Amino acid sequence: MAIGFIGLGVMGQPMALNLARAGTPLVVWNRSADKCAPLREAGATVAEDCAAVFRQAPIVILMLANDAAMDAALGRATPAFAARVAGRLVVNMGTTSAQYSRALGDDIRAAGGRYVEAPVSGSRKPAEAGQLVAMVAGEAGDVAEVLPLLRPMCHQVVECGAVPAALLMKLAVNLFLITMVTGLAEASHFARRHGLDMARWQAVLDAGPMASAVSRIKAAKLVAEDFEVQAAIPDVLKNNRLVAEAARAAGIASPLLDVCHALYGETLALGLAQADMVAVVRAIEARTDAGA
């Protein structure tokens, strides 16, 4: 039986390609049909619509941008919902709020389906290399069924317990990622405005104890002022909002994240919606130029 995969965006397309190249029979669908071409070439079946994916696949992976896109794919709050999810295992690999994921799982189970959340840590380059980290939550038997499907996409899988523990884990990881990359962008701005040799700045950073796979990739992009998308500004802003909302709901302070939220909003306002998250440096530059 084929595995369904809906959502072939910046992350979803390379993830699905890794599944197909590992020999997994796939039936895929994406709102923008052109994104399906590489999957067709890799041997996947391209469905005519979301409903066709559910008809053909007992397990359906969703890698979609937001709650509305997921609800639309599932036909949630319509008569189509039960027909699509009954007898199916739905795997949410996107990033949503924990509250949404818990409610979605309840609705799927009430309609006779099963639900696992499996958000991933990593951007497009790790997705292409099959080097993502997955966080998985759900019923033990359902998680066990999903684990083999994650191996072609992920170099490590961490089981987190019951829904929505995996999404809360992802939000905690994202808090660190967002604040770290924003700090790196500010450091590059500081170095550049002081007239330092940026290649040497990168060399010192890469050789030091703070270096990581993320810092090496993002520092190189900052030095080259290369804003080609790995993690797009609107996606980072969405993730920032989700973490902030979860913090507020729990009465948790998030001072660094709150500053980042303002900066990514300013970056988006500068017309950089198609840029990588390191383009936040442009918002920092704008504050400097405005005398902030």
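No experiment lies behind these values; they were computed from the predicted model shown. The chain is numbered in sequence order, starting from 1.
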Can you measure from CG (L104) to CG (D71) and round to the nearest 0.5 angstrom? 7.0 Å
Establish whether V181 and V173 are linked, either directly or via other cluster members, by ILVMFWY side-chain heavy-atom contacts under 4.5 Å. no
Using a strict cut-off of less than 4.0 Å between a Lys/Arg side-chain nitrogen and an Asp/Glu carboxylate oxygen, indicate whether D289 and R193 qualify as a salt bridge. yes
If I take atom CE from residue M11 and atom OG from residue S123, how far apart are they, to the nearest 0.5 angstrom? 6.5 Å
Quick check on the hydrophobic clustering: are Y100 and L171 connected, directly or via other members, by side-chain heavy-atom contacts under 4.5 Å? no
Scanning both residues in full, the closest heavy-atom pair of G94 with L167 reads O-CD2, 3.9 Å
More than 12 heavy atoms of other residues, nucleotides or ligands under 6.0 Å from CE of M169: yes or no? no
Tell me, do L222 and M198 make a side-chain contact under 4.5 Å, heavy atoms counted? no
Under a 4.5 Å cut-off applied to non-hydrogen side-chain atoms, are F5 and M15 in contact? yes
Can you find a heavy atom in the side chain of R84 that is under 4.5 Å from one in the side chain of L74? no
Could you go through the salt bridge (Lys or Arg N to Asp or Glu O under 4.0 Å) check for R287 and E266 one step at a time? CA-CA 10 Å; R287 288 195 183 194; E266 292 165 25; 2.8 Å; yes
Only pairs under 3.5 Å count here: list side-chain donor-acceptor contacts from residues 241-248, not counting sequence neighbours, and write none if there are none.
| from | atom 1 | to | atom 2 | distance (Å) |
| --- | --- | --- | --- | --- |
| R241 | NH1 | E245 | OE1 | 3.3 |
| R241 | NH1 | E245 | OE2 | 3.3 |
| R248 | NH1 | S254 | OG | 3.0 |
| R248 | NH2 | D258 | OD1 | 2.7 |
| R248 | NH2 | D258 | OD2 | 2.8 |

With the threshold set at 4.0 Å, does a side-chain nitrogen-carboxylate oxygen contact exist between R282 and E225? yes
Qualifying salt bridge (charged side-chain N to carboxylate O under 4.0 Å, His left out) pairs, either residue in residues 143-170, two or more places apart: R114-E145
Student check: side-chain heavy atoms of I61 and L19 closer than 4.5 Å: yes
Test of understanding: clusters of I, L, V, M, F, W, Y form through side-chain heavy atoms closer than 4.5 Å, transitively. Do V28 and V60 belong to the same one? no
Write down the atom of A111, the atom of A86, and the distance for their closest heavy-atom approach. O-CB, 3.4 Å
Please tell me whether V116 and L168 are part of a single hydrophobic cluster in this structure, the criterion being side-chain heavy atoms less than 4.5 Å apart. no
Is a donor on one side and an acceptor on the other found under 3.5 Å between the side chain of R216 and the backbone of D206? yes
Pairs under 3.5 angstrom only: tabulate donor-acceptor contacts from the side chains of residues 45-56 to other protein residues two or more places apart or in another chain.
| from | atom 1 | to | atom 2 | distance (Å) |
| --- | --- | --- | --- | --- |
| D49 | OD1 | A51 | N | 3.3 |
| D49 | OD1 | A52 | N | 2.9 |
| Q56 | NE2 | A52 | O | 3.2 |

Hey, are the side chains of L184 and L205 touching, using non-hydrogen atoms and a 4.5 Å cut-off? yes
Check for a donor-acceptor pair, side chain of N30 on one end and backbone N or O of K35 on the other, with a separation under 3.5 Å. no
In chain order, what residues pass the side chain to side chain donor-acceptor pair (under 3.5 Å) check against K221, with sequence neighbours excluded? D226
Residues two or more places apart in sequence or in another chain: which of them pass side chain to side chain donor-acceptor pair (under 3.5 Å) with T182? Y264
Ignoring hydrogens and geometry, is there a side-chain-to-backbone donor-acceptor pair from T24 to L26 under 3.5 Å? no
Distance col, row T95:OG1 vs D67:CG, nearest 0.5 angstrom, shows 10.5 Å
How about D142 and V146: do any of their side-chain heavy atoms sit closer than 4.5 Å? no
Does the N18 side chain pair with the main chain of A127, one donor and one acceptor, at a distance under 3.5 Å? yes
List the atom pairs, with distances to 0.1 Å, where a side-chain N or O of residues 269-278 and a protein N or O form a donor-acceptor pair under 3.5 Å, not counting sequence neighbours.
| from | atom 1 | to | atom 2 | distance (Å) |
| --- | --- | --- | --- | --- |
| D276 | OD1 | K218 | NZ | 3.1 |
| D276 | OD1 | Q230 | N | 2.9 |
| D276 | OD1 | A231 | N | 2.8 |
| D276 | OD2 | K218 | NZ | 2.9 |
| D276 | OD2 | V278 | N | 3.2 |

Point-to-point distance, once rounded to the nearest 0.5 Å, from NE2 of H261 to CG of N240: 5.0 Å
Under the 3.5 angstrom rule, does the side chain of S101 hit a backbone N or O of A98 as a donor-acceptor pair? no
Is there a side-chain contact between R124 and P14, using heavy atoms and a 4.5 Å cut-off? yes
With side chains defined as the heavy atoms from C-beta onward, is the minimum distance between L39 and L17 less than 4.5 Å? yes
Examine distances only and state if a side-chain atom of E117 and a backbone atom of A166 form a donor-acceptor pair shorter than 3.5 Å. yes
Just verifying a value: how many Å separate L177 CG and N239 CG, rounded to the nearest 0.5 Å? 8.5 Å
Cluster link V259 to V280, ILVMFWY, side chain under 4.5 Å: yes
Run the side chain to side chain donor-acceptor pair (under 3.5 Å) test on N92 and Y115 for me, step by step, so that the C-alpha distance in whole Å, both residues' side-chain angles and the decisive distance to 0.1 Å come before the verdict. CA-CA 8 Å; N92 172 21; Y115 178 72; 3.2 Å; yes
Within this structure, what is the CD1-CE distance for the pair I178 and M180, rounded to the nearest 0.5 Å? 10.5 Å
